[in-house]
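Everything on this sheet refers to the single structure shown next.
Whatever order the structure lists them in is the order used to number ligands and atoms, beginning at 1.
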Amino acid sequence: MDALVIEGGRPLRGSVQIGAAKNAVLPLMAAALLAGGESHLRRIPKLADVRTLGLLLEHLGARVRPDNGGLLIDAAAVDGREAPYELVKTMRASVLVLGPLVARFGRARVSLPGGCAIGARPINLHLKGLEAMGAEVVLEHGYVDVRALRLRGARIVLDIPTVTGTENLMMAAALADGTTVIENAAREPEVEDLAACLIAMGARIRGAGSAVLEIDGVDALIPFDHTPIPDRIEAGTLMAAAALCDGDITLVGARLDHLDAFVVKLREAGAEVTDLGGQRVRVVSGQRRCGVDLRTSPHPGFPTDMQAQFMALMCKGTGTSVITEKVFENRFMHVSELSRMGADITVEGASAMVRGVAQLSGARVMATDLRASAALVLAGLAAEGATTVSRVYHLDRGYEALEVKLGALGAQIERIKE
Ligand code: EPZ
């Protein structure tokens, strides 16, 4: 397995290119199943999750080919209906093929994704929405079998604004008979990007980015040619690194408007964040202050995917910060590893109290999930001495060559085989 070895204490300087958003690309790849032709994603990140979903689409009969930094997906010959456990267990977002398969072919059989390190992560709301649209849903042997001669429009009220649930149901509704209204829909930029792509395919969708989506079903959709939005979580992660490591960096290809809540907190922590225009953002570490409190919540609130990285930022300095995780039930796996680096963190239920310390010390630590890995890398960049982060396959699921980007900014970081 790969590990990253980091010699902390280096300032970060220079500019860095932000890649296409993983959490936009995955639903967009699934959306290609809705059309009987070849769709084109103009940019994709080189990530394990993208490769896994590509394998699943091929398993279903699609032809998936790289194209000049992007991806061509021809779904004309799709004849499979099953997403097998072997693929789904490694990547939960495989559940995103459910809506498109039922919408276009009337049937899908998808392995239940099961839980992961950060929580149980059920898909009950995805299934309730499909049932409301007339689908028959049967759970057996660890799989969910969904059938419908043709989905029909319905009014769906989501208990929770689930991101992939909203995406699955929006894709299903695009080919349903009649109008579907989804209330309490997710408002993430990635949901908006998927809606824009579906509309370009011929879907009739209103309200994307708001909590109420209206979708008038159509009989068929055409393939898309789409450029995904930049990865706001990669951008946020690098901004937090700059704030933590005496940085002065410029992000190229970043959408500051996708990170409002995070930037408010980063500025409260003393960083200077400047929109240079043309999707370029400058971040200077400034006079760091700790003691910034936050609660994660669905967009436009503070993103849960930035919680671990912001905690790493709060570990070094003065003051006490209370960080409350309201989206997932077990997203503090990074706390014990940060504590091994000298952080002073007390967890009480859904909240973690972080008392800033003058210095973190390098140590051997272990990644447990995607964003926890990023938090450990950030802490290693700021720590005194060497840090080894093991099991970085977790990191590789969501960041394309993060060590290369950080190294180009002046960090001393290298990937080794353990
Ligand atoms: C998406 O996951 C993202 N993944 C996650 O990013 C992100 O953390 C999450 O949204 C929240 O923003 C992708 O987009 C591929 P949810 P998703 O359904 O859709 C509960 C990363 O680090 N829930 O919005 O699976 C659920 O348990 C990953 O890039 C139900 O109870 O998240 C959770 O507590 C991690 N029933 C809450 O809702 C359901 O049917 C939010 O989950 C669905 C969800």
Side-chain angles (χ1 to χ4, degrees), residues 19-31 45 47-50 52-53 56 88 90-99 110 112-132 137 139 144 156-171 182 184-194 211 228-229 231-237 258-259 261-262 296-309 325-331 333-334 350 367-375 394-400 402:
K22 164 179 85 83
N23 290 349
V25 164
L26 294 174
L28 290 166
M29 288 173 71
L47 298 173
D49 277 7
V50 172
T52 303
L53 189 51
L56 174 55
V88 176
T90 62
M91 211 260 307
R92 323 174 27 76
S94 311
V95 75
L96 283 163
V97 304
L98 198 52
V110 176
L112 285 166
C116 74
I118 63 177
R121 302 187 73 184
I123 59 167
N124 59 311
L125 301 179
H126 301 231
L127 303 179
K128 275 170 69 177
L130 290 169
E131 280 179 328
V137 174
L139 297 172
V144 60
I156 299 166
V157 182
L158 292 172
D159 298 351
I160 297 168
T162 158
V163 174
T164 49
T166 299
E167 291 165 343
N168 239 334
L169 295 172
M170 184 164 65
M171 289 190 281
I182 303 175
N184 197 24
R187 301 168 55 188
E188 273 68 5
E190 293 76 21
V191 175
E192 275 194 271
D193 196 34
L194 175 63
I229 55 172
D231 195 316
R232 62 194 170 100
I233 306 302
E234 181 190 35
T237 303
H258 288 168
L259 280 166
F262 167 73
T296 65
S297 64
H299 196 80
F302 188 98
T304 174
D305 292 349
M306 283 302 307
Q307 178 257 107
Q309 300 92 312
E325 173 56 60
K326 300 296 286 179
V327 176
F328 289 106
E329 63 267 30
N330 186 37
R331 205 169 197 177
M333 307 279 277
H334 40 287
T368 51
D369 60 87
L370 170 53
R371 306 304 172 181
S373 327
H394 289 293
L395 191 75
D396 296 338
R397 296 191 49 183
Y399 294 93
E400 181 179 345
L402 184 62

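Of the charged side-chain nitrogens involved, none lies within less than 4.0 Å of a carboxylate oxygen, so that Lys22 and Glu234 do not count as a salt-bridged pair. Ion pair Arg331/Asp305 flagged as a salt bridge, since at least one NZ, NE, NH1 or NH2 atom sits closer than 4.0 Å to an Asp/Glu carboxylate oxygen.
For the pair Val163 and His299, the minimum side-chain heavy-atom distance is 4.5 Å or more. Looking at heavy atoms from C-beta onward, Val110 lies out of side-chain contact with Ser94 at the 4.5 angstrom threshold. Within the 4.5 Å cutoff, the side chain of His394 has no heavy atoms near those of the Tyr399 side chain. Between Leu194 and Leu28, some side-chain heavy-atom pair lies under the 4.5 Å cut-off. With a 4.5 Å cut-off on side-chain heavy atoms, Arg397 and Ser373 do not count as touching. In this structure, Arg232 and Glu188 have side chains that are in contact, with non-hydrogen atoms separated by less than 4.5 Å.
Only the side chain of Arg371 comes within contact range of ligand 1, with a heavy atom under 4.0 Å; no backbone atom does. With a 4.0 Å heavy-atom cut-off, ligand 1 is reached by the backbone of Thr162 and by its side chain too. In Leu125, the parts holding a heavy atom less than 4.0 Å from any atom of ligand 1 are both the side chain and the backbone. Residue contacts with ligand 1 for Ile160 involve side-chain atoms from C-beta outward but no N, CA, C or O (heavy atoms, distance under 4.0 Å). Neither the backbone nor the side chain of Glu190 comes within 4.0 Å of ligand 1, counting heavy atoms alone.
The shell of residues lying under 4.0 angstrom from ligand 1, judged by heavy atoms, excludes Lys128. Residue contact check for ligand 1: Arg331 places a non-hydrogen atom closer than 4.0 Å to it. Proximity of Pro122 to ligand 1 is established by a heavy-atom distance of less than 4.0 Å.
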Please tabulate, for side-chain N and O atoms in residues 116-130, each donor-acceptor pair with protein atoms closer than 3.5 Å (sequence neighbours left out).
{"from": "His126", "atom 1": "ND1", "to": "Asn168", "atom 2": "ND2", "distance (Å)": "3.1"}
{"from": "His126", "atom 1": "NE2", "to": "Gly165", "atom 2": "N", "distance (Å)": "3.4"}

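Among protein heavy atoms, the minimum distance from atom 32 (O) of ligand 1 is reached at Phe328 CZ, 4.0 Å. Here the heavy atom of the protein found nearest to atom 3 (C) of ligand 1 is Asn23 ND2, 3.7 Å. Of the protein's non-hydrogen atoms, Val327 O, 2.7 Å is the one closest to atom 34 (O) of ligand 1. The nearest heavy-atom contact from the protein to atom 25 (O) of ligand 1 is Arg121 NH2, 3.0 Å. When hydrogens are left out, the protein atom nearest atom 19 (O) of ligand 1 is Thr164 OG1, 2.6 Å; that is the closest non-hydrogen contact.
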Next on the checklist: Go through it in stages, so that I can follow the logic: the residues are Gln307 and His334, the test is side-chain hydrogen bond (donor to acceptor under 3.5 Å, both in side chains), and I'd like the CA-CA distance, side-chain angles, deciding distance and then a yes or no.
Outcome noted: CA-CA 10 Å; Gln307 178 257 107; His334 40 287; 2.9 Å; yes

Next on the checklist: I'd like to know whether Val95 forms a side-chain contact (heavy atoms from CB on, under 4.5 Å) with Val88, so could you lay out the CA-CA distance, the side-chain angles of the two residues, the decisive distance to 0.1 Å, and finally the verdict.
Outcome noted: CA-CA 7 Å; Val95 75; Val88 176; 5.9 Å; no

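Taking every heavy atom of both residues into account, Ile182 and Met170 meet most closely at CD1-N, 4.0 Å.
With ligand atoms numbered from 1 in the order given, ligand 1 contributes 8 (O), 11 (C), 12 (O) to contacts under 4.0 Å with heavy atoms of Thr304. For ligand 1 and Ile123, the ligand atoms under 4.0 Å from any heavy atom of the residue are 39 (C), 40 (O). Annotation for ligand 1: atoms under 4.0 Å from non-hydrogen atoms of His126 are 40 (O). Less than 4.0 angstrom separates some heavy atom of Lys22 from each of these atoms of ligand 1: 21 (C), 29 (O).
Counting only non-hydrogen atoms, the option in Asn124, Val163, Asp49 that gets closest to atom 1 (C) of ligand 1 is Val163.
Between Asp305 and ligand 1, an N or O atom pair is found at a separation short of 3.5 Å.
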